[in-house]
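Here's the structure, in structure tokens; my notes come after.
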Amino acid sequence: MITVSQQLFARIQRHAVPLVDDAESTLSKILDGYEKSLGSMPAPATASDEADSTVKIFPTDNPPLLTYTSLSNVLIDRKGFSKKFWNPVLFEMIRQAASKMGVANLKPHLDVNFQEGDHPAFGEYIKEANITVQGRDANLCYRSIMKIAKAAKIPVVIDFYWQDTPKAAHPNRTGRFDYDGK
């Protein structure tokens, strides 16, 4: 795992193909182009025997334990979403679903604590649905995100990683959820 500034990450993302490339494949393309411009051959792909650096794609209806995870990339309706936390993704899904399917059709699919209207002390106000929603932990948040995505048929891709702690289900591993909106 490496840490890069948000500005550099944005530059890297400009070279990625949405729903196809992850950070490693995008950096590989960039380096291949750079090495080709120098007249040298790109490095052959190698796999480390000591560490599995692959991104595991998890089924959307059977997620692993997501406690101690952080988000690295989010696409909602095939558009990048800049807030890399579970709750803002949930709030955005509610916004988009309310706009797409109407509040009355959305409400039966909300398994979150919410109140009608704007209640700042309660949680996040979502103007498009005229509700205030309480935040949730990563596991409940993910389940709510997928329930809403499936009800509204909104494609969503979430790349995440488990933090470096023994309490995490898979420390330092990466994963992806990819729902196509169908």
Side-chain angles (χ1 to χ4, degrees), residues 3-23 26 55 57-163 168 174-182:
T3 303
V4 297
S5 68
Q6 289 182 344
Q7 292 84 5
L8 179 56
F9 188 74
R11 287 180 64 199
I12 293 168
Q13 281 184 310
R14 287 194 299 262
H15 299 281
V17 176
L19 303 177
V20 174
D21 287 324
D22 58 13
T26 304
V55 175
I57 299 176
F58 291 94
T60 58
D61 57 351
N62 189 20
L65 186 63
L66 297 171
T67 307
Y68 299 105
T69 57
S70 296
L71 305 184
S72 56
N73 189 48
V74 178
L75 295 173
I76 300 174
D77 203 13
R78 297 178 181 85
K79 296 176 191 87
F81 184 69
S82 63
K83 297 179 182 173
K84 305 296 190 273
F85 300 97
W86 288 106
N87 279 296
V89 174
L90 171 62
F91 303 149
E92 182 62 20
M93 290 299 296
I94 293 171
R95 281 184 187 91
Q96 289 195 24
S99 296
K100 185 173 184 176
M101 63 192 291
V103 177
N105 292 326
L106 171 62
K107 282 185 180 176
H109 303 285
L110 292 177
D111 61 356
V112 297
N113 290 330
F114 70 90
Q115 291 182 359
E116 301 284 338
D118 186 2
H119 303 277
F122 185 77
E124 176 81 9
Y125 177 62
I126 300 172
K127 179 178 71 173
E128 294 80 356
N130 191 32
I131 60 174
T132 301
V133 178
Q134 278 188 330
R136 313 189 88 185
D137 73 28
N139 296 291
L140 294 174
C141 216
Y142 170 76
R143 283 177 172 69
S144 297
I145 290 166
M146 288 314 303
K147 188 173 183 180
I148 294 165
K150 290 177 179 181
K153 297 187 179 348
I154 298 172
V156 62
V157 176
I158 301 173
D159 292 329
F160 64 96
Y161 60 93
W162 282 274
Q163 297 162 10
T174 57
R176 171 179 280 180
F177 296 112
D178 189 347
Y179 172 65
D180 63 7
K182 297 178 184 169

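Note that the structure is predicted; figures quoted are calculated from it, not measured. Worth knowing before you read on, the calculation uses all heavy atoms, side chains too, and leaves out hydrogens, waters and symmetry mates.
Distance check: Q163 CD to T69 OG1 gives 7.0 Å after rounding to the nearest 0.5 Å. Taking CH2 of W86 as the start and CD1 of I145 as the end, the distance is 6.0 Å to the nearest 0.5 Å.
Between the side chains of T174 and D159, not a single donor N or O lies within less than 3.5 Å of an accepting N or O. Residues S144 and D111 have side chains that bring a donor and an acceptor to within less than 3.5 angstrom of each other.
Checked by atom type and distance alone, the side chain of Y142 pairs as donor or acceptor with a backbone atom of T60 at under 3.5 Å. In this structure, the side chain of T132 engages the main chain of G117 through a donor-acceptor pair within 3.5 Å. Proximity of a side-chain donor or acceptor of K83 to a complementary backbone N or O of P88 within less than 3.5 Å is not detected. Remark: side-chain polar atoms of K182 are not paired, donor with acceptor, to backbone N or O of Y179 under 3.5 angstrom.
Between Y68 and A168, the shortest heavy-atom contact is CB-CB, 3.8 Å.
You'll find the side chain of I131 reaches within 4.5 Å of the side chain of L110, heavy atoms only. Considering only heavy atoms from C-beta on, Q96 stays 4.5 Å or farther from I148 through its side chain. Looking at F177 and L66, their side chains come closer than 4.5 Å, going by heavy atoms from C-beta outward. Counting heavy atoms from C-beta outward, N130 and V103 have side chains that stay 4.5 Å or more apart. Between M146 and D61, the closest side-chain pair of non-hydrogen atoms is not below 4.5 Å.
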